[in-house]
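Some notes on the structure that comes next.
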Amino acid sequence: MKSWLASKRFIAAAGHVAVLAGCFGLAWSVASRAVAKRVNNYAWDVTTRDAPIVGWQPQSVVVAIDENTFKERGGVQAIRAILSEALDKVAAANPKAVAIDVTLPDASRIVSDDAHLEASLRATHNLVLPCRIVPGGWEDPLPRFKVLAAALGHVERDEDPLDGVSRQVPLEETVPGERRWALALEAFRLTQGQHIIESPDDLEVGPTVIPTPHGEKGRPLRIRYLPMGTIPQISVLDIDQQRETIRGRTVFLGVTDLSATKDRLINPFGAYIAGVAVNAHAFETLMRGQFLSPPRNQTVLLVCLGFTAVAGLTFAFLSGWPAYALTILLIAFAAYLPALLFRENIVFPLFEPLAVACLTSAGAATYQHFFVRRQLRRSESERSRYQQAIHWAAHEMRTPLTAIQGSSEIMTRYSLPEEKRHQLSEMINSESKRLSRIIQTFLDVERLADGQMEMKREPFAAADIVETCLKRVRPLAERKQITIDLENPPEGSFLGDRELMEYAFYNLLTNAVKYSPAGTKTRVFSESRGGELRLAVKDQGIGMDSKELKNIFKKFYRTKRAEASGEVGTGIGLSIVEQIVTHHGGRIEVSSEPGKGSCFTMVLKTHVRASGNAETIDR
Ligand code: ADP
């Protein structure tokens, strides 16, 4: 019984785990798709907006070559003259460093512009000039400008390929043979007056350690954008009036007129932003020294497994609204987790934990729902089966009870001759034994149907049960003038439960008697073949057609013919007989023809006697 229950529980638990594993696998497989990355990007942007940096004094200014500057100074052709003017004016404000985000690879058509620019560059302290990757290598400024720079910094971008948002810049770029640091990083280290010390997992600039974990290609710096408008942006035309803003800060000088630049980027706030401003935000990120990093893949996996476990345990131990309430909390926590960890500077994905929490909870809930419903159905059918069984037992008990009652009444009312008294008390004795057998059979059959029967396994001679049953059925048969012939007593023995087997065979005999007209013959014969014993009861009774034959082992089925015969019955006996025989590893064969009789054959394996010890098995 215990092992039966344990195995049911094990199967239920294994099913639960399998459903969870399936849901987890599904969510995890979707996590590698573009949709998941988009969701994660979106979550990152939303958390950036929802957790703005406050109280930070920007250390940089963007000196903007804007629309007005171009309008006033003669358009894009005048860019070098504009740069010279801006640099001269900026120098007067004494900035810490100046990073220019306008590439200067070619000589200007206006020779004097280059000469002027050269002079302005020479006068600029801590100058960072840009370079970028072109086919064949680095595109540097003209040599006459390049020599004047304290550093060259690349202006390569790292927009997200899915949504084009600039969330990070590569701190290092290498084209065969030559590695360059990012413009913002060079400006940062010049501002700090430090060198860059590199190790596999980070870059050190003075006291600042920039984590570049897990060997990510290009050592991306995740930009922690300041709220829009926080970094001062000064038009070239207004530098003189804004000298105090520039003083002591690092200047990022570049084109912000979006119509004049190819550098139209999108920031996490969903707005267009000039490349030079992106560099300023990257610089501020470095200055603040709080760096965003992604979690390790294993960490995400572990967290998701944790969510799966909680979803599984919730529905394993709770049901109804407490389970659903906890699930809502779990999903809410999964949705909130990226925002929570963002405060710790971790860019945690949203899709993976959320998808895992939702899918595994839904899977676990559905599984439990169907499991519980199945349990309910089973317990309902068990209840009705139990009621039917009680009905059967009550019916079966009526006959011996009537006999006992009648005999005892006769004995008390009348003074009978000794021989008659003896006969009646023997009858009372045998009928009460029958009664107890019925009760025992009822209990056994109950447990048999429940699948938790501890069936006896003892050897007994086939001839013994045949003899006992024939002795019991003969008085019944005689009342109907039916003769029962035992043609050949069976040889060999069975292994199993003698009581149950007796019940089964007796049932076949009583049916033969019940469903045969008076004066007919019933034959009992046996045959041993290939380790099997075939024990048959053949009557000359009302018989059955093929349709009826298909149903006779169903509980409570009775043929119309049987009902019309006037014989009382419950239609349960054969279903029990079949259960008993199959539990003994055997089968029942039936052949019948309406009006011509039926033949029921029990086919059972014979037992080769080894030792006489009785044993029990747990079924
Ligand atoms: P019961 O005899 O109490 O009705 P059983 O389960 O023993 O229940 O039998 C089921 C039905 O099978 C019977 O009602 C009867 O219709 C049919 N049946 C069983 N044995 C015979 C038989 N020997 N001859 C004809 N019909 C039979």
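Numbering of ligands and ligand atoms starts at 1, following listing order.
- Residue Val577 does not touch ligand 1, judged by heavy-atom distances below 4.0 Å.
- One finds the OG atom of Ser319 at 12.5 Å from the NE2 atom of His369 (value rounded to the nearest 0.5 Å).
- Using a 4.0 Å cut-off between charged nitrogen and carboxylate oxygen, Arg474 and Glu478 do not count as a salt-bridge pair.
- Judged by the shortest distance from any of its heavy atoms, Glu567 lies outside the 4.0 Å radius around the atoms of ligand 1.
- Contact annotation for Phe600 and ligand 1: only side-chain heavy atoms (C-beta onward) come within less than 4.0 Å of the ligand.
- Contact annotation for Asn507 and ligand 1: only side-chain heavy atoms (C-beta onward) come within less than 4.0 Å of the ligand.
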Validation: residues 597-605 side-chain donor-acceptor distances under 3.5 Å, sequence neighbours left out:
residue: Ser598; atom: OG; partner: Ser592; partner atom: OG; Å: 2.9

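- Below 4.0 Å from some heavy atom of Ile552 lie the following atoms of ligand 1, by number and element: 12 (O), 17 (C).
- Residue-ligand proximity: Ser598 is placed with a non-hydrogen atom under 4.0 Å from ligand 1.
- In this structure, the ring of Tyr324 has its center less than 6.0 angstrom from the ring center of Phe315.
- Between Ser575 and ligand 1, not a single N/O pair is under 3.5 Å apart.
- Only the side chain of Met544 comes within 4.0 Å of ligand 1, judged by heavy-atom distances.
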Practice prompt. Take Ile346 and Leu292, measure what side-chain contact (heavy atoms from CB on, under 4.5 Å) needs, and give me the verdict at the end.
Written response: CA-CA 5 Å; Ile346 297 167; Leu292 294 171; over 6 Å; no

Worksheet item: Could you walk me through whether Arg457 and Asp497 pass the salt bridge (charged side-chain N to carboxylate O under 4.0 Å, His left out) check?
Response: CA-CA 6 Å; Arg457 250 165 89 85; Asp497 196 308; over 6 Å; no

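- Remark: Arg561 is not positioned above the aromatic ring of Tyr515, lacking an NZ or CZ atom under 6.0 angstrom from the ring centre and at most 45 degrees off the axis.
- At a heavy-atom distance under 4.0 Å, no atom of Arg561 approaches ligand 1.
- Listed by atom number, the atoms of ligand 1 under 4.0 Å from Tyr557 heavy atoms are 10 (C), 11 (C), 14 (O).
- Those atoms of ligand 1 that come under 4.0 Å of a heavy atom in Lys514, given as number and element, are 1 (P), 2 (O), 3 (O).
- Two rings, from His16 and Tyr367, have their centers less than 6.0 Å apart.
- At under 3.5 Å, a nitrogen or oxygen of Gly573, whether backbone or side chain, sits near a nitrogen or oxygen of ligand 1.
- Less than 4.0 angstrom separates some heavy atom of Ala562 from each of these atoms of ligand 1: 14 (O), 15 (C), 16 (O).
- Salt bridge present: Glu589 and Arg587 bring a charged side-chain N and a carboxylate O closer than 4.0 Å.
- Of all the atoms in ligand 1, the ones that sit under 4.0 Å from a non-hydrogen atom of Asp539 are 22 (C), 23 (N).
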